[in-house]
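Just so it is clear, the model here is predicted, and its values are computed rather than measured.
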Amino acid sequence: MKEYSTKDIRNVVLLGSTKSGKTTLAEAMLFEGKVIDRRGSVEEKNTVSDYEEIEKLNQRSVYGTPLYAEFQNSKINFIDAPGSDDFCGGAFSAFKVCENGILVINAQHGVEVGTEIFARHASRAKLPLAIAINQLDSEKADWDMLQGSLKEAFGSKPVFLQFPVNPGVAFDGFIDVLAMKYYHFKDNNGTREDLEIPAEYKSQAESMHAELVEKAAEYDEALMEKYFDQGDLSAEEVMKGLSLGYASGEAYPVFCISAKKDIGVKKLMEFLLGVGVPPKCDEKGPAGLFIYKNDMEQHLGEVSFFKAMSGIVSTGIDFEDPASGNKERFSALYAVAGLKKDPVSALHAGDFGCAVKLKNGKSDTTLAAIGSGLDYGKVEYPAPKYRCAIKAKAQTDDQKLGDALKKISSQDPTVVVEYSKELRQTILSGNGEQHINVVKWRLNNEFGIEVELFAPKVPYRETITKTACAQYRHKKQSGGAGQFGEVHLLVCPAEGELNTKFKIDGKDTQLNPKTQDITELEWGGKLEFYNCVVGGAIDLGFMPAILKGIKERMVEGPLTGSYARDIRVFVYDGKMHPVDSKEIAFIIAGRNAFKEAFRNAGPKILEPIYNVEVMTPSEYQGAVMSDLQNRRGMLGDMGTDNGFAVLKARVPLAELYKYSTTLSSLTSGSATFTMEFADYQPVPGDVQTKLLEAYAAEESDED
C-alpha cells in the first residue's frame, strides 16, 4: 500500500440505529475502494466488519470496527460503529479519532430512536454529519415520510443534495440537484451512467436546486451578499458554502443510497473527499499516535488500533507513554480492515493503522516520540448506567474470572470492573443490560467461565444524630502479664462549630481538648478525635491505640456493618494499670466504648443519592416521572432539548438497579439518561427498619 499524506486522508464514523445498514454500507465502501472484490452480507455472516462470533450470532455490530478504502488517490478510514446505545463505546472512541460522521437512516422507518441518540452524541462531540438514506430499494421505502421525519428531528439542518428515482424495489438511481444530473445504475455493482434529468423530474430538480443554492449562501456572508445581488451561485460557490455549513454542524447534507445494490455509495465517498473535514494533524511535527482500541485475535494475539496524530509513524522510532514513561518500538505496522492486515512502512499524521503485541498497547494510550511532550488525553466515555455484582459459579474460577474481566475491560473500556472491599463484591458496570449480557456470553463461551449476575449491595453509611456517652473496661488476666484499659468517651455529630460543653452523668461539663486528630475518611465524611483527659488518667501514649480501635469499629459500623462517618469523639476519662496496660487493651476498650456510645446516639443509616437526568420524548414524560417517584426519587428541574423533555431527579442508588432496562421499556427505547453520585442522605424510617432486620438475620445465619 502507498503512503498517504495528511491532506489525502479522510476519517469517518458510520452511525445510526440498529438495522439501518451501516455494515452493508461499509461492505460497499470496501468494494468501491478495491479492498474486497465480493461484498458480504449480514445475513450470510461474512462481512468484513462483523467478524466477532457474538456479532455473527446476533447479526448486528457490537464493537466499532476500523476499515479503509483507497479511492481516487486518497484514503478513507472509517469505523463501523454499533447501532445500539448499549454498545456506544465504539462510537465514542471513534469520536476521538474521526473528523466526520455519516448518519445512516433506514428508508423504511425514517429517523428512529437510535438515529436521534447517536445524532445527539455526535453533536455533543462537535462532529460534522452527513445523512445517508439507505435501503431505498426496500418495498416499504417512503421518500415523502423520510423528508418529514428528517425535518421533524433535525429542523432546517438537512440539506437535500439528491432525491431518488423509483424508490422501492425498482429503485435504480437518483437526481443530483447539485450537479443537476440523473445517475442511473445498470447493475448491483455500482455501474452507473450519467444522464440528463428526465423531463418529468426537471421541475422538482430545479426547485430543489434553488433551495440548495439558498441554503449554501446562508453559511457565508460573502456568498449571501452575492446571492442577493445575482440570485444564483456557481457550483464551486455552492460547494464552498456547503463545506462551511457542514464543518460547523449547521448543515447535514442528505444522500440517497442502496448499500446492498451499491447505488450512490461512490457519490457519498466523493463528498467525503470534496467536502469532508481533513485530519487536524501536524504532519511535520514529532511522531505521535493515540491507541483508541485494542483486541485479542486468535492468530495474532493482542492488536492495538491507533491513529497517527503527529509526524510520521514508522518502525524505526522509539516511542514512550507519557503517563508511565514506558518505552515502545514497533516491529511492524499495518493498515487494517477488520481481520485483514496489510503491511505498511509508515503512516502519516491523520492515518489509521494497527500494531501487534505491544507492551504498552492498551486503549486510551498515547505513544509519542521521546522528549516530544505530546499527550492526547483520554476518550470521554459516558458514565456506566447499569451495575451488577458478579461471581464465578465455581470458586476455583475466581482468579480466572478476574483475569478474563481485566482483558474484556481492556478491549472495551466502557466495561468497568472493580472489587469493592466494603461490599465484598466484584461490581461489573456497563451501558445497559444487553451490554452486560454480552460480557457474560464472552466469559462463558470465550473463557469457559460460568458466572452469576445479581443485584449489588448498596454502600450505605452510618452516622449519629445525638450526643451519647459510654465507657468500657477491658481486663484480661490469664497467667503472667495481663491486659487492662478503661476508656470513657462521648460522641456527637461532626457538624457545625466545635462545642465542648456537655452534660455528662447529669452534670454540666466543660471539656478541654489537649490534642486533636481530624481524619478525612477514604469513604467520605470525617472523624474528629479529641483527647480531653485530665490528671494523667490515661497516658498520652495510649491515645493512638484508642483512636485505632475507634477507626476499626467505623470500618464496620454497629448498625449494618457499613462504614461510619461524620462523628466527633471526645475521650474525657479512663484508667490505666502500671503493669497490665498495653496498646491492645486500649484498642479493645476504645472500640467497644465507641460501639456502645454509637448505639445510644440516635444512629442513622445514610444511603447514596444520585443525580439522574432523563431525556425522553414528551409523550413518555408522565410515565417516566411516575416511575422516578415510585423509586423514591425527588423530582427537580424540568426543561426541553430539541423537542425532548429533560427531567432531573435525586434518586437513591438502591432504587436504580436495572433502571436502564425499565426506562427503555417505558419509552420504547427512545429515552436516555445519565446518573452521577450526589451525596448521602438519611434513609426513611421504614427503610432503616428493614435494613436493620436484614442485617440481624444475616448475622444470625452466620452464627
Side-chain angles (χ1 to χ4, degrees), residues 461-477 481-559 563-604 606 680:
R461 298 287 181 264
E462 299 180 14
T463 193
I464 56 176
T465 59
K466 299 189 299 187
T467 299
C469 295
Q471 60 187 63
Y472 189 88
R473 173 183 290 182
H474 175 69
K475 184 177 181 180
K476 183 178 181 183
Q477 196 75 41
Q483 296 178 6
F484 182 89
E486 184 174 320
V487 173
H488 299 211
L489 55 75
L490 176 147
V491 298
C492 68
E495 58 187 19
E497 294 183 4
L498 180 64
N499 173 40
T500 57
K501 292 181 179 180
F502 300 97
K503 193 176 286 292
I504 299 176
D505 296 331
K507 298 177 182 179
D508 291 333
T509 305
Q510 173 70 56
L511 299 179
N512 298 305
K514 293 179 174 54
T515 61
Q516 68 177 32
D517 187 301
I518 299 177
T519 304
E520 297 294 333
L521 301 168
E522 60 180 278
W523 53 83
K526 61 184 176 179
L527 165 65
E528 298 181 12
F529 178 81
Y530 299 94
N531 169 21
C532 305
V533 175
V534 296
I538 302 176
D539 190 274
L540 184 63
F542 288 123
M543 285 298 154
I546 298 172
L547 177 58
K548 183 179 180 181
I550 291 169
K551 286 183 175 179
E552 286 179 357
R553 185 70 263 193
M554 291 183 73
V555 169
E556 191 171 342
L559 296 182
Y563 291 152
R565 58 178 278 174
D566 297 327
I567 299 169
R568 283 182 185 143
V569 179
F570 298 86
V571 178
Y572 62 87
D573 202 358
K575 290 182 181 179
M576 298 185 300
H577 187 278
V579 177
D580 293 343
S581 285
K582 298 179 177 63
E583 180 182 6
I584 185 61
F586 280 99
I587 289 174
I588 294 170
R591 184 168 60 215
N592 286 286
F594 175 79
K595 177 181 178 180
E596 184 178 341
F598 188 100
R599 288 186 177 279
N600 294 324
K604 195 69 179 172
L606 306 176
Y680 273 86

**Request:** State whether the number of non-hydrogen atoms from other residues, nucleotides or ligands found under 6.0 Å of D505 atom CG is greater than 12.
**Result:**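 No, CG of D505 has 12 or fewer neighbouring heavy atoms, counting only those of other groups under 6.0 Å.
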(request) Verify the neighbour count for atom NZ of K514: are there more than 12 heavy atoms of other residues, nucleotides or ligands below 6.0 Å? (result)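 Enclosed: over 12 neighbouring heavy atoms sit under 6.0 Å from NZ of K514.
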Looking at every non-hydrogen atom in both residues, tell me the closest pair between [X] and [Y] and how far apart they are.
{"X": "I550", "Y": "G590", "result": "CG1-O, 3.8 Å"}
{"X": "I464", "Y": "A601", "result": "CB-O, 3.3 Å"}
{"X": "I588", "Y": "N592", "result": "O-ND2, 2.8 Å"}

Distance check, rounded to the nearest 0.5 Å: L527 atom CG versus I518 atom CD1?
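Result: 9.5 Å between the selected atoms.
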To the nearest 0.5 Å, how far apart are CG in D573 and SG in C532?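 Between atom CG of D573 and atom SG of C532 there are 11.0 Å.
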With a 4.5 Å heavy-atom cut-off, do [X] and [Y] have their side chains touching?
{"X": "R473", "Y": "K575", "value": "yes"}
{"X": "Q516", "Y": "N531", "value": "no"}
{"X": "M554", "Y": "F594", "value": "yes"}
{"X": "L521", "Y": "Y563", "value": "no"}
{"X": "E462", "Y": "F598", "value": "yes"}
{"X": "I546", "Y": "F586", "value": "yes"}

Report task. Using the six-membered ring wherever Trp is involved, compare the ring planes of H488 and Y572 and label them parallel, tilted or perpendicular (cut-offs 30° and 60°). Result ->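 Rings of H488 and Y572: perpendicular, over 60°.
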Are F570 and F502 close enough that their ring centres sit under 6.0 Å apart?
->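 Yes, ring centres under 6.0 Å apart.
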Can a donor-acceptor pair be found between the side chains of D517 and T515 at a distance below 3.5 Å?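 On atom types as modelled, these side chains do not qualify, holding no pair under 3.5 Å.
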message = Using the rule given for side-chain hydrogen bond (donor to acceptor under 3.5 Å, both in side chains), can you reason through E486 versus H474, listing the C-alpha separation, both sets of side-chain angles and the distance that settles it, and then say yes or no?
response = CA-CA 6 Å; E486 184 174 320; H474 175 69; over 6 Å; no
Would you mind checking if K526 and E520 are paired as a salt bridge, meaning a charged N to carboxylate O distance below 4.0 Å?
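Looking at E520 and K526, the cut-off is not met.
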